[in-house]
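The sequence lines fix the lettering, A, B, ..., with proteins before strands; numbering per chain opens at 1.
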Number of protein chains: 2
Amino acid sequence: MPHKHDPFFPPPGHDHRSCASEAIAAAETICQDRGSRLTALRQRVLEAIWEGHRPLGAYDILARLNRNGGRNAPMAVYRALDFLMDHGLVHRLASRNAFIGCRHPGDDHSAQFLICDSCGSVAELASDDVHKTIGRAAAKKGFAVTSETVEITGHCPNCNPS
Amino acid sequence: MPHKHDPFFPPPGHDHRSCASEAIAAAETICQDRGSRLTALRQRVLEAIWEGHRPLGAYDILARLNRNGGRNAPMAVYRALDFLMDHGLVHRLASRNAFIGCRHPGDDHSAQFLICDSCGSVAELASDDVHKTIGRAAAKKGFAVTSETVEITGHCPNCNPS
DNA sequence: ATAATAATGTGATGTTATAACAATTCAATG
DNA sequence: CATTGAATTGTTATAACATCACATTATTAT
Ligand SMILES: [Zn+2]
Ligand SMILES: [Zn+2]
Ligand SMILES: [Zn+2]
Ligand SMILES: [Zn+2]
């Protein structure tokens with residue numbers, strides 16, 4: 001199911017608690033459905049990621065985890081991220097070495113990311129048109145697609161009032 | 001101008017010398033036109049990259065550079081790569097942390113990359129259709145595109161005889 | 001309770017990329 | 001040619017990102 005809030009790039013002042021709580025709730029449901037355990041550590045990592053709509057590096061997440069005297073090691077974060085990615089709750093942005101919460105968890109989707117150069121926020125597009133066009137272009141060359149990385153930089157509507 | 005060889009994914013046995021020599025020749029022309037210097041170091045990096053159609057990591061390139069007793073440091077490679085990328089002679093594959101020679105040097109193009117999971121070879125697509133579809137999808141969300149990273153993995157025609 | 005499995009802890013290490021500053025080479029000018 | 005400023009390269013150190021290997025603990029199933 002799509003996100004409750006509509007704004008694609010949520011404006012600076014939006015009620016972000018609900019973004020985060022929706023994401024956590026969706027994660028719990030998905031993990032239950034799949035018989036997986038959303039442990040405290042994994043949930044804390046997911047919460048750290050959902051502190052905003054900006055991608056975070058693994059070590060940024062680690063710092064947030066350890067803010068109040070935590071003693072987690074990088075491995076803990078990477079393992080949690082692997083779990084969250086396996087469950088479609090988090091995406092990795094290859095062009096940034098960073099991670100961001102999925103806005104369409106549960107959907108089986110191929111995503112494209114719009115990354116704002118000004119404010120750093122990221123929106124997740126799920127354009128079937130883009131996906132299919134890529135598939136056609138690849139097929140024309142005899143290439144069988146298994147996965148796509150589509151990351152687009154530019155200026156978001158909040159930073160680009162046209 | 002497009003590459004002389006047609007095969008999009010050059011077959012294993014192709015005459016690769018001409019791929020490399022064409023690329024070097026194009027680089028010389030482009031640098032002359034722009035009043036830039038294709039120094040020995042830069043050329044050696046470009047040659048290393050053109051030893052094949054597989055992407056190479058910066059440290060792979062460094063190893064090739066230093067094969068015969070060279071003493072170059074990583075910085076030398078990264079600086080040469082920056083130069084070559086600025087001049088549109090080399091692309092970086094974000095999903096691989098690796099670099100590959102551009103097959104359309106001189107063209108002002110937005111590229112997509114097809115990366116074979118079996119043989120590791122990479123082909124550079126320059127699909128205007130993909131480019132425009134991405135532009136439309138982004139515009140629909142009020143996003144102004146400045147650059148795109150499109151990297152597709154799967155199986156190339158040489159590895160996927162259908 | 002026991003045993004198997006899953007998750008986490010821990011320390012070391014591997015990999016990719018950049019910072020900072022010194023030395024050298026190059027091209028232009030007089 | 002000699003001078004000079006800019007571009008390039010050398011050098012060392014360090015930052016940033018990611019994984020390996022193995023020990024320990026927690027959870028689940030029998
Ligand atoms: Zn939000
Ligand atoms: Zn913005
Ligand atoms: Zn070739
Ligand atoms: Zn192949």
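If you take CZ of Phe99(A) and P of dA16(D), they are 16 Å apart, rounded to a whole angstrom. Atom-to-atom, CG of Leu93(A) to P of dA18(D) comes out at 11 Å; the value is rounded to the nearest Å. In this structure, CG of Asn72(A) is placed 13 Å from P of dG11(C), rounded to the nearest angstrom. Atom P of nucleotide dT15(C) and atom CG of Asp60(B) are separated by 10 Å, given to the nearest angstrom. dT18(C) atom C1' lies 13 Å from atom CG of Leu81(B), rounded to whole Å. Rounded to whole Å, atom P of dT15(C) lies 13 Å from atom CG of Leu62(B). The distance between atom CZ of Arg37(A) and atom P of dT27(D), rounded to the nearest whole Å, is 6 Å. As rounded to whole Å, 11 Å separates atom P of dG11(C) from atom CZ of Arg71(A).
Checked against dA7(D), dG11(C), dA17(C), the side chain of Met75(A) finds its nearest nucleotide in dG11(C). Taking every side-chain heavy atom of Arg92(B) into account, dA17(C) is the closest of dA17(C), dG10(D), dA18(D). Comparing dT19(D), dT9(D), dT12(D) by their closest approach to the side chain of Ala73(B) singles out dT12(D). Taking every side-chain heavy atom of Leu41(B) into account, dG10(D) is the closest of dA18(D), dG10(D), dT16(C).
A salt bridge does not link Asp60(B) to Arg67(B): none of the charged nitrogens lies less than 4.0 Å from a carboxylate oxygen. A salt bridge does not link Arg44(A) with Glu51(A): every distance from a Lys NZ or Arg NE/NH1/NH2 to an Asp or Glu carboxylate oxygen is 4.0 Å or more. In summary, Asp117(B) and Arg96(B) engage in a salt bridge, as defined by a charged side-chain N under 4.0 Å from a carboxylate O.
Comparing Arg96(B) and Arg42(A), the nucleotide of DNA chain C nearest to each residue sits closer to the 5' end for Arg42(A).
Remark: ring of Tyr78(B) does not overlap the six-membered base ring of dT18(C) in a stacked fashion, as centroids less than 5.5 Å apart with planes less than 30° apart are not both met.
Base engagement by Arg79(A) is indicated by at least one non-hydrogen atom pair under 4.0 Å involving a base atom.
At least one donor-acceptor pair closer than 3.5 Å links the side chain of His14(A) to the backbone N or O of Pro11(A). Within the 3.5 Å criterion, the main-chain N or O of Trp50(A) finds a donor-acceptor partner in the side chain of His16(A).
Between the side chain of Tyr59(A) and the base of dA15(D), no donor-acceptor pair of N or O atoms lies under 3.5 Å.
Note on Asn97(B): every side-chain N or O is 4.0 Å or more away from OP1 and OP2 of dT15(C).
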